[in-house]
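Encoded as structure tokens, the structure appears first; notes follow it.
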Amino acid sequence: MPFPQERLRRTRQSESWRRLVRETRITPDALIYPLFVVPGRGVRHAVESMPGIFQLSVDEAVKEAKSAAASGVRAVLLFAAPARKDARASDALDPKGLAAQAISAIKESMSDLIVWADVCLCGATDHGHCGHIDAAGRIENDSSVETLAEVALNYARAGADAVAPSDMMDGRVAAIRARLDREGHTRTPIVSYAAKYASAFYGPFREAAESAPAFGDRRSYQMDPANAREALREVVADVAEGADLVIVKPAGPYLDIIRQVRDTVRVPVVAYQVSGEFSLIKAASERGWIDERAAALETLTGMARAGADLIITYFAPQVAAWLRT
Ligand code: PBG
């Protein structure tokens, strides 16, 4: 049925029509809000490169989680930047460590809010890499995996609703599943950062999480941005090892990966709109160069249209509030 019988503009003629035929709808139910926890009390320290985002002490993180929940957000993703940093990542292994404290404090005050705990070594190691370093200065896979499994167990014991390994070591999902199950945490899901690229868009996060590597970069464990088939291998491997959800990260420059992952596996696919993607929109909108609300919603719509079932975004509470108006 070609033109003039077919006129695609018929269903675009009013806001009501457009809403009626909309193919992709964003809902606060599908958003996850990252929180950065630092030591101290009453600390609410602005992250300069991420306007509106703060480093929060545990008490302030509880308040921030409450206010996000009040806007309609149902889940948070916790990152800890402890003061104690050493080769073993001791703070992440400690039942009284910063992350464990934050997890239990938030769960105690809001049992309905879902708390995902980011599992990695970079925030707690003195070198800032996501795994242990061997004598030659290389990132050692298998010993890192053992530590990551212990960290995941620590967070599950503290009450995390899910553990989210973001290190990109091989075999860590299977190791975490086995470790959790052996200790009776059979009900704790694993949200795997399955396709995580070595991206320039993590820059602002490294300020917030104080996790920049002291030497080198992360390209021996995070993926090459040029590779798509390899992302599918990562995702298929993680699902086979027991991942309950998989993350593609970053999101905006990787919409093709989100789509291919959605078409390849059956577990929920999570897109992570990372710090740099957030900061770009914030910076341009602060200069009056872009409409923040429209741009933010458009990026999230693109991710959902590409196949993301859930989205981790620093805009989460803001978007939840916008969607109510
Ligand atoms: C640490 C981690 C990073 C992010 C999440 N977990 C940074 C990195 O790998 O260097 C990035 C998140 C963001 O930029 O918003 N493993």
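Keep in mind the model is a prediction, meaning the values are calculated, not measured. Counting convention: from 1, in listed order, for ligands and their atoms alike.
- Residue Gln222 places a heavy atom under 4.0 Å from ligand 1.
- In this structure, Lys249 forms a cation-pi arrangement with Tyr202, its terminal cationic atom sitting closer than 6.0 Å to the ring centre and no more than 45° off the ring axis.
- Between the side chains of Ser166 and Asp118, a donor-acceptor pair is found at a separation under 3.5 Å.
- Closest protein heavy atom to atom 15 (O) of ligand 1: Tyr314 OH, 2.5 Å.
- The protein heavy-atom contact nearest to atom 2 (C) of ligand 1 is Lys196 NZ, 3.3 Å.
- Proximity of Cys130 to ligand 1, defined as any heavy-atom pair under 4.0 Å, is confined to the side chain (atoms from C-beta onward).
- Of the charged side-chain nitrogens involved, at least one lies within less than 4.0 Å of a carboxylate oxygen, so that Asp238 and Arg172 count as a salt-bridged pair.
- Remark: Arg229 CZ is loosely packed, at most 12 non-hydrogen atoms of other residues, nucleotides or ligands lying under 6.0 Å away.
- Taking the centre of each ring, Tyr314 and Tyr33 stay at or above the 6.0 Å mark.
- In terms of protein heavy atoms, atom 14 (O) of ligand 1 is closest to Ser275 OG, 2.7 Å.
- Residue-to-ligand polar distances keep Gln273 apart from ligand 1: every N/O pair is separated by 3.5 Å or more.
- Thr301 and Glu298 are not linked by any side-chain donor-acceptor pair at a separation below 3.5 angstrom, with hydrogens and angles left out of the test.
- Residue contacts with ligand 1 leave out Met168, since none of its heavy atoms falls under 4.0 Å from the ligand.
- Proximity to Tyr272 (heavy-atom distance under 4.0 Å) selects the following atoms of ligand 1: 12 (C), 15 (O).
- Counting heavy atoms under 4.0 Å from ligand 1, residue Ser166 touches it through both backbone and side chain.
- Donor-acceptor pairing under 3.5 Å is lacking for the side chains of Thr299 and Glu277.
- Protein heavy atom at the shortest distance from atom 3 (C) of ligand 1 is Phe205 CE2, 3.2 Å.
- Summary of contacts: the protein heavy atom closest to atom 11 (C) of ligand 1 is Lys249 NZ, 2.9 Å.
- Phe36 and Phe205 have perpendicular rings, their planes meeting at more than 60° on a 0 to 90° scale where under 30° would count as parallel.
- Those atoms of ligand 1 that come under 4.0 Å of a heavy atom in Arg218, given as number and element, are 8 (C), 9 (O), 10 (O).
- Contact annotation: for Cys122 versus ligand 1, heavy atoms closer than 4.0 Å belong to the side chain alone.
- Contact annotation: for Phe79 versus ligand 1, heavy atoms closer than 4.0 Å belong to the side chain alone.
- With hydrogens and angles left out, the side-chain atoms of Glu60 and Gln55 include no donor and acceptor closer than 3.5 Å.
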